[in-house]
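Below: one structure, written as C-alpha cells.
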Protein chains: 2
Amino acid sequence: MLMHNPPHPGEVLKELCIEPLGITVTDAAKGLGISRKTLSSILNGKAGISPEMAVRLSIAFNTSSESWLNQQSQYDLWEAEKHRNELHVTQLSAA
Amino acid sequence: MLMHNPPHPGEVLKELCIEPLGITVTDAAKGLGISRKTLSSILNGKAGISPEMAVRLSIAFNTSSESWLNQQSQYDLWEAEKHRNELHVTQLSAA
DNA sequence: TAACTCATAACGTATCAGGTTACAATATTT
DNA sequence: AAATATTGTAACCTGATACGTTATGAGTTA
C-alpha cells in the first residue's frame, strides 16, 4: 500500500543524477541517446519514464532499470488511485 | 535484478482469479466495468494492465493494485531489457 | 436446435512517447 | 557589453497502445 505522494521520477532523476554530476541536460540527452526535448519533458514532469527509458537510465547512470520503472509505476498508481471511487466496479465472488 | 521470464499478467489474472472463481469472461468484464473485448485482450496477452485497470482489479478481486501494476512493469521491463545492447547509450560521469 | 461463451477482426477515439524545428528567456563566457 | 550556451516549450508529425462498439465464426451447453 502506498502511503505518501511519490515524487515525479523526473524530479528524482534531476536531483540525484543530473545535478550531482554537474552535467547539462543537453549532454545528458546525448549520452542517453535521446533528444533534449524528450529528456526535458521527463525532468519537468511532462512525460513518464518508459520501460526503454528505464533501461537507458540504468546504463547511463549505472543503476537498476527496475528502480526507475518502479518509481514511475508508483507515481502512475498514485494518480490512478485518486479516482478509485469513480470506477464502476463490483466485487467478484464464486459463481 | 529480474532473474526469470515473468508471465503475462493476464495469464496470472486468468489462472489465479477468473478460473478459481468459476466465472465467465463476460461476467468478469461486467463486474470490472469494462468491455468483454478489453478483458479478453488482457487475458490473452494482447494488452497490458494499465494503472486504472490495476485499480479495477484490486476492487473486483480484493487484492492490491500495486501487485498488478508491478507484475505489468516487470513484464514490460523484461521485454525492454532484451534490447539493452541495441541502445546507443554511454555511461555518464561528472563533467 | 437454440442459447451462451469466447476470441478476434475491423473500425474509430484518446492518450502518450518520441522526434524535429524554431523561438524566447536566461546563464555563462569571452 | 557582446557573443555563446543552456533551457523550456510550442507546433507539428509518427507510431504504439488502451478502450470502445459491432460483427463474425467456432465451440459448448441446455
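All figures in this text were calculated on a predicted structure; none of them were measured in a lab. Side chains are part of it too, since the values below use all heavy atoms of this structure and drop only hydrogens, waters and symmetry mates. Lettering follows sequence order; numbering is per chain, from 1.
- As a whole-Å value, the separation of B:His8 NE2 from D:dT17 P is 13 Å.
- Remark: P of D:dA18 and CG of B:Leu32 are 16 Å apart, rounded to the nearest angstrom.
- One interatomic measurement links the two molecules: CG of A:Asn44 to P of D:dT6, which rounds to 17 Å at whole-angstrom precision.
- No donor-acceptor distance shorter than 3.5 angstrom exists from the side chain of A:Ser40 to the backbone of A:Arg36, with no hydrogens or angles considered.
- With values rounded to the nearest 0.5 angstrom, A:Thr90 atom OG1 is found 11.0 Å from B:Arg56 atom CZ.
- With respect to B:Glu79 and B:Lys82, a salt bridge is recorded, a charged nitrogen being found less than 4.0 Å from a carboxylate O.
- Rounding to the nearest 0.5 Å places OG1 of A:Thr38 at 10.5 Å from CG of A:Leu32.
- At D:dT7, none of the side-chain N or O atoms of A:Ser40 fall inside 4.0 Å of OP1 or OP2 (strictly under the cut-off).
- The two residues A:Pro9 and A:Trp68 have their closest heavy-atom pair at O-CZ3, 4.1 Å.
- Judged purely by atom type and a 3.5 angstrom limit, B:Glu52 has no side-chain atom pairing as donor or acceptor with the backbone of A:Ala80.
- The shortest non-hydrogen separation linking A:Tyr75 to A:His8 is OH-CE1, 2.9 Å.
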*Quick one: what's the B/S/- string for nucleotides 17-22 of chain C, heavy-atom cutoff under 4.0 Å, read 5' to 3'?*
SSBB-B
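- Electrostatic pairing of B:Glu81 and B:Arg84 counts as a salt bridge here, judged by a charged N lying under 4.0 Å from a carboxylate O.
- Looking at B:Leu69, B:Ile34, B:Leu39 one by one, the single match for side-chain contact (heavy atoms from CB on, under 4.5 Å) with B:Met53 turns out to be B:Ile34.
- Separating the CG atom in A:Leu87 from the OG atom in B:Ser58 is a distance of 8.5 Å, to the nearest 0.5 Å.
- One axis for each end of the helix from C:dT1-D:dA30 to C:dT30-D:dA1, each built from five base pairs, and the angle between them comes to 30° at 10° resolution.
- A heavy-atom distance below 4.0 Å to DNA chain D is reached by these residues of residues 9-25 of chain A, ordered by number: A:Thr24, A:Val25.
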